**Student:** 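Below is a structure I'd like to ask you about.
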Amino acid sequence: MAAGAPIRIRLPDGASAAPGPEDTVGSVLARWAPSKAAEFLAGLWEGQPVDLGFRPAASGSLAPLTFSDRKGWEILQHSSAHLVAKAVVETIPDALPTVGPPTDDGFYYDFDVRPLTPPDLDAVRAAMARSVKAREAFVRRELPRQEAERLFARNPHKLRYIAEVPAGEVVSVYDTGGFTDLCRGPHVPDTRWLEGVHILGFSAAETTAPQGRPLQRIRGVGFPTRELLEQYLKLRAEAVARDHRTIGQRQELFLFQEAVPGFPFWLPNGMVIVRELERFVTEHLRSAGYSEIRTPLLYARSVYETSGHWEHYRENMFVSEIEGQEFGWKPMNCPGAMLIFGSRPRSYRELPLRLAEFAPLHRLEASGTLHGLLRVRELVQDDAHIFVTEEQIAPEIRVLLAWIRQACATFRLAYSFELSTRPPSSLGEAADWEKAEGTLRSLLVESGAEFRASAGEGAFYAPKIDIHVKDSLGRPWQTGTIQLDYQMPKRFGLQYQGPDGALHTPAVVHRTILGTWERFVGVLTEHVAGRWPPWLAPVQVRLLPVTDRHAEASRAVAEELSAAGLRAGVGGSDATLPKRIREAELERVPYVVVLGDKEVADGSVSVRIRGTRQSTSMSRAEFVARVLDRVRRREFDP
RNA sequence: GCCACUGUAGCUCAGUCGGCAGAGCGGCUGAUUCGUAAUCAGCAGGUCGGGGGUUCAAGUCCCUCCAGUGGCUCCA
């Protein structure tokens with residue numbers, strides 16, 4: 001860069017600066033906003049993240065990056081990963097670092113190393129603490145390729161990454177207190193920024209190491225201060241307490257037995273919730289023109305050869321041999337729906353033909369993937385198959401998108417859409433897939449929804465719009481799905497006679513709204529933290545007589561509530577009233593009603609509405625009307 | 001399925017060096033009849049995940065199988 005060439009730096013708010021030869025991004029930004037300079041962990045130079053130590057060599061635009069900026073956040077995560085790598089190498093000298101990227105909610109670093117143990121991790125934490133205390137700077141160096149190769153000669157993984165750097169690009173490394181890592185950067189200025197780094201856990205990652213041993217992954221999350229980390233840990237502890245497996249046990253919603261891993265047992269309380277959800281969906285089915293069907297759970301192998309499951313889904317199917325013939329337990333409802341459609345000639349006048357089926361499905365999920373209700377081997381979807389003409393596709397899917405949004409609003413669930421396209425192992429021709437993918441994409445765009453494209457994640461027979469919701473720890477789970485299928489109708493030879501008298505093949509929209517009862521109840525349990533909306537609560541009203549003298553009156557109120565279609569029960573008077581109130585609170589009963597002399601005398605009730613921690617007096621009629629209204633309207637709060 | 005870890009009463013967990021199986025909550029019984037988040041006392045409750053091995057002796061050490069947890073892969 002020619003000495004003396006005038007450089008102008010454009011800053012946010014229209015400010016500008018003329019840097020001297022000694023100036024860095026950091027010094028320019030600090031002069032521009034001295035009061036906020038402590039928060040700047042990197043800069044954005046011409047739209048690209050750079051170190052604070054970067055020296056602009058030409059005119060350009062510059063903005064600061066802080067932990068609150070997504071890019072700044074990512075830089076801190078990535079620097080945290082470097083810190084972990086440094087600590088691991090210090091602890092286990094022959095560990096080979098591979099990659100350590102930021103993720104949606106933190107970072108990880110994969111190592112080619114013997115399996116790690118908890119004591120290793122303690123040592124790693126201690127080494128990290130030493131680095132943080134020592135305030136080690138992240139120093140960038142740009143190297144000739146050969147020198148970089150020499151530097152990482154012991155580490156085949158790094159050599160591979162060096163080879164992947166495009167010819168024109170520089171190879172850069174970062175030094176941190178004697179540890180050097182291949183890295184594009186940028187980084188936070190020094191390890192002081194990493195005092196809030198936290199290791200979440202370790203596990204095996206993919207097997208890409210040359211010896212075939214799995215890489216060891218250390219996951220973590222970084223914060224610039226201890227206080228922010230403490231806040232995060234507190235939130236996380238609350239999230240763990242919301243785990244549906246814990247609440248499901250405590251509230252006796254469901255259980256699992258060792259004898260049938262992955263097969264949920266629905267207990268009476270859980271079944272109440274399932275039935276209410278079923279009703280929620282079924283009411284809609286009627287008004288939206290669906291018919292219900294029930295088809296067999298088992299089909300001969302030939303059916304799955306037709307559907308394509310045998311070729312593309314076999315490893316996930318339970319198979320039984322009956323009288324020498326192979327039968328498969330259905331993992332999806334589509335074959336049954338296809339067979340019904342194809343059972344007689346069909347007219348275009350029957351379309352769209354909407355066939356709903358809530359049948360148990362069996363999927364042989366790998367043992368290591370089972371996860372409470374969120375990943376099971378036996379499940380029931382709120383499933384339907386809609387047979388449509390080409391023209392009917394868009395209107396049908398519009399209705400479905402609106403319906404899904406409305407359903408999520410009822411549950412106050414945050415959700416995101418994902419467009420999943422043709423997977424590597426799939427049926428049919430590329431042209432069909434492109435057409436179907438294009439239709440789904442344009443409908444999503446038209447709906448104004450934000451969505452993520454997920455290449456290659458579609459079903460083997462169709463691309464799909466998936467709905468994702470997150471569990472208490474932020475892990476995403478797919479619930480609803482809308483799939484546009486041109487393949488199965490062809491393979492089953494389905495046809496309808498059109499107004500033109502000719503035979504046509506329908507398209508099929510496979511769809512669920514809530515997904516499966518299992519996963520939806522799991523996610524919802526965590527979302528509401530066991531505080532069920534009144535319409536879903538297994539027990540809606542708990543009546544507590546102050547003494548035995550008030551038991552009769554309590555039963556009378558309970559009967560009145562039951563007659564009105566509510567789930568009400570009397571809590572015996574053996575324990576003290578405060579204790580019974582405590583029990584009801586812990587059970588998260590939405591309405592706790594206390595009846596004593598006063599209430600019996602004047603026909604009122606003393607109601608403790610969940611979340612208020614205090615009692616409200618009202619007339620019985622008023623109370624019943626309130627609860628009924630909340631329940632009928634499916635209000636979220638009591 | 002892969003890697004690591006975990007498995008003791010219904011639940012949450014203690015159990016030291018290999019030497020008689022423990023607590024709290026819950027349950028049952030009795031007393032208490034109580035006004036908005038825990039009344040008191042007593043009692044019952046265990047193939048220490050299953051199987052095998054080492055040992056005079058195994059909850060404890062070894063092997064193996066099963067299940068669960070966290071990830072990986074995969075998926076609603």
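Letters A, B, ... are given to chains in the order of the sequence lines, protein chains preceding strands, and every chain is numbered from 1. Quick caveat: nothing in here was measured; it's all calculated off a predicted structure.
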**Student:** With C1' as the reference atom in both, quote the distance from rU29(B) to rA44(B) in angstrom, rounded to an integer.
**Tutor:**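 One C1' to the other, the span is 10 Å.
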
**Student:** Strictly by Watson-Crick or wobble contacts shorter than 3.5 Å, is anything paired with rA14(B), and which nucleotide is it?
**Tutor:**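 rA14(B) is paired with nothing.
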
**Student:** For the ring-ring contact (aromatic ring centres under 6.0 Å, His included) test, which of W403(A), W517(A), F411(A) pairs with F280(A)?
**Tutor:**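 Exactly one option meets the ring-ring contact (aromatic ring centres under 6.0 Å, His included) with F280(A), and it is F411(A).
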
**Student:** Could you check whether Q216(A) gets within reach of a base, just the sugar-phosphate, or nothing at all, counting any heavy atom under 4.0 Å?
**Tutor:**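 The residue Q216(A) makes sugar-phosphate contact but no base contact.
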
**Student:** Using whole Å, report how far CG of D471(A) lies from C1' of rC75(B).
**Tutor:**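 Checked: the CG to C1' distance equals 15 Å.
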
**Student:** Please report the distance, rounded to the nearest Å, between CG in D466(A) and P in rA76(B).
**Tutor:**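 After rounding, the reported distance stands at 7 Å.
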
**Student:** So with a 6.0 Å cut-off around CD of E450(A), is the heavy-atom count from everything else above 12?
**Tutor:**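 No.
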
**Student:** Please lay out, stage by stage, how E396(A) and R511(A) fare under the test salt bridge (Lys or Arg N to Asp or Glu O under 4.0 Å).
**Tutor:** CA-CA 11 Å; E396(A) 284 298 317; R511(A) 108 288 177 281; over 6 Å; no

**Student:** With a 3.5 Å distance limit and no angle check, can you tell me whether E365(A) reaches the backbone of R375(A) through a side-chain donor-acceptor pair?
**Tutor:**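 Between the backbone of R375(A) and the side chain of E365(A) there is no qualifying donor-acceptor contact (under 3.5 Å).
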
**Student:** Roughly how many Å apart are rA76(B) and rA4(B), using the C1' atom of each and rounding to a whole number?
**Tutor:**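 It works out to 28 Å between them.
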
**Student:** Return the value, rounded to whole Å, for the distance between atom CZ of F111(A) and atom C1' of rC72(B).
**Tutor:**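 That distance rounds to 16 Å.
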
**Student:** Give a yes or no answer on whether the side chain of T421(A) reaches the backbone of G456(A) with a donor-acceptor pair at less than 3.5 Å.
**Tutor:**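 Yes, because the side chain of T421(A) sits within donor-acceptor range (under 3.5 Å) of the backbone of G456(A).
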
**Student:** Using a 3.5 Å distance criterion without hydrogens, assess whether the side chain of H550(A) forms a donor-acceptor pair with backbone atoms of D597(A).
**Tutor:**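 Indeed, once roles are kept as given, a pair shorter than 3.5 Å links the two residues.
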
**Student:** Give the rounded distance in Å between these two atoms: CG of L121(A) and C1' of rG70(B).
**Tutor:**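 About 12 Å, once rounded to whole Å.
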
**Student:** Between R219(A) (CZ) and rG70(B) (P), how many Å, whole number?
**Tutor:**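 Rounded to whole Å, this separation is 10 Å.
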
**Student:** Over 60° means perpendicular and under 30° means parallel, so classify the ring planes of F460(A) and H312(A), tilted if in between.
**Tutor:**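 Geometry flag for F460(A) against H312(A): parallel rings.
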
**Student:** Taking the minimum atom-to-atom distance to the side chain of R475(A), which one of rU33(B), rG70(B), rA4(B) wins?
**Tutor:**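 Nearest nucleotide to the side chain: rG70(B).
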
**Student:** Take atom CG of L215(A) and atom P of rA4(B), then tell me their distance rounded to the nearest Å.
**Tutor:**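 One finds 14 Å between P of rA4(B) and CG of L215(A), rounded.
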
**Student:** When you measure from the side chain of R245(A), which nucleotide among rG70(B), rG35(B), rC3(B) comes out closest?
**Tutor:**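 Out of rG70(B), rG35(B), rC3(B), the nucleotide with an atom closest to R245(A)'s side chain is rG70(B).
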
**Student:** Any strand counts, and the cut-off is 3.5 Å on both contacts for Watson-Crick or G-U wobble. Which nucleotide pairs with rG7(B)?
**Tutor:**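 rC66(B) - that is the nucleotide pairing with rG7(B), both distances being under 3.5 Å.
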
**Student:** Counting side-chain heavy atoms from CB outward, which of rA37(B), rG7(B), rG1(B) is closest to E258(A)?
**Tutor:**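 Of the options given, the side chain of E258(A) lies nearest rG7(B).
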
**Student:** Could you please name the option among rA37(B), rG35(B), rG7(B) that lies closest to any side-chain atom of R588(A)?
**Tutor:**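 When the side chain of R588(A) is considered, rA37(B) is the closest of rA37(B), rG35(B), rG7(B).
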
**Student:** For R219(A), which residues count as a side chain to side chain contact (heavy atoms under 4.5 Å, CB included) partner, sequence neighbours excluded?
**Tutor:**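 By the side chain to side chain contact (heavy atoms under 4.5 Å, CB included) rule, R219(A) matches Y108(A), L200(A), R217(A).
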
**Student:** Give me the distance, rounded to whole Å, that separates rC34(B) from rC20(B) when you measure between the C1' atoms they each carry.
**Tutor:**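 After rounding to an integer number of Å, I get 43 Å for this pair.
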
**Student:** Would you say R114(A) has more than 12 foreign heavy atoms packed within less than 6.0 Å of its CZ?
**Tutor:**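 Yes, because the 6.0 Å sphere around CZ of R114(A) holds more than 12 heavy atoms from other groups.
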
**Student:** Taking atom types as modelled, is there a side-chain donor on D110(A) or T98(A) under 3.5 Å from an acceptor on the other?
**Tutor:**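 No pair is found: no donor N or O on one side chain lies under 3.5 Å from an acceptor on the other.
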
**Student:** Quick check for you: among rA37(B), rC75(B), rC2(B), whose closest atom lies nearest to any side-chain atom of R519(A)?
**Tutor:**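 Per side-chain heavy atoms of R519(A), the pick is rC75(B).
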
**Student:** Establish whether the base of rA4(B) is bridged to the side chain of R217(A) by a donor-acceptor pair shorter than 3.5 Å.
**Tutor:**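 Under the 3.5 Å cut-off, the side chain and the base do not form any donor-acceptor pair.
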
**Student:** Of the listed nucleotides (rA76(B), rG71(B), rA38(B)), which one gets closest to any side-chain atom of A204(A)?
**Tutor:**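 Nearest listed nucleotide: rG71(B).
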
**Student:** Taking only the C1' atom of each, what is the distance from rC13(B) to rG59(B) in whole angstrom?
**Tutor:**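 Here rC13(B) and rG59(B) have their C1' atoms 14 Å from each other.
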
**Student:** Using whole Å, what does the distance between atom P of nucleotide rC5(B) and atom CZ of R114(A) come to?
**Tutor:**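 Distance, rounded to whole Å: 11 Å.
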
**Student:** Hey, what's the ring geometry for F223(A) with Y232(A), parallel, tilted or perpendicular (30° and 60° as the breaks)?
**Tutor:**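 Correct class here is tilted.
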
**Student:** What distance, rounded to whole Å, do you find between the two C1' atoms, one in rG18(B) and one in rA31(B)?
**Tutor:**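 It works out to 46 Å between them.
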
**Student:** Using the P atoms only, state how far rG53(B) lies from rC43(B), rounded to an integer number of Å.
**Tutor:**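 It works out to 39 Å between them.
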
**Student:** Please evaluate the base of rG35(B) for a donor-acceptor partner in the side chain of E599(A) within a cut-off of under 3.5 Å?
**Tutor:**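 Checked by distance alone, the answer is yes.
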
**Student:** Which residues, if any, of residues 374-386 of chain A bring a heavy atom under 4.0 Å of RNA chain B?
**Tutor:**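 Nucleic-acid contacts, sorted: R375(A), V376(A), L379(A), Q381(A).
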
**Student:** Using atom C1' of each nucleotide, how far apart are rA58(B) and rC2(B) to the nearest Å?
**Tutor:**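 It works out to 32 Å between them.
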
**Student:** Nearest to the D597(A) side chain among rA67(B), rG71(B), rG35(B), which nucleotide is it?
**Tutor:**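 Ranking rA67(B), rG71(B), rG35(B) by closest atom to the D597(A) side chain puts rG35(B) first.
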
**Student:** List every contact pair, protein side and nucleotides 11-17 of chain B side both N or O, where the distance is under 3.5 Å.
**Tutor:**
{"residue": "rC11(B)", "atom": "O3'", "partner": "Q249(A)", "partner atom": "NE2", "Å": "2.8"}

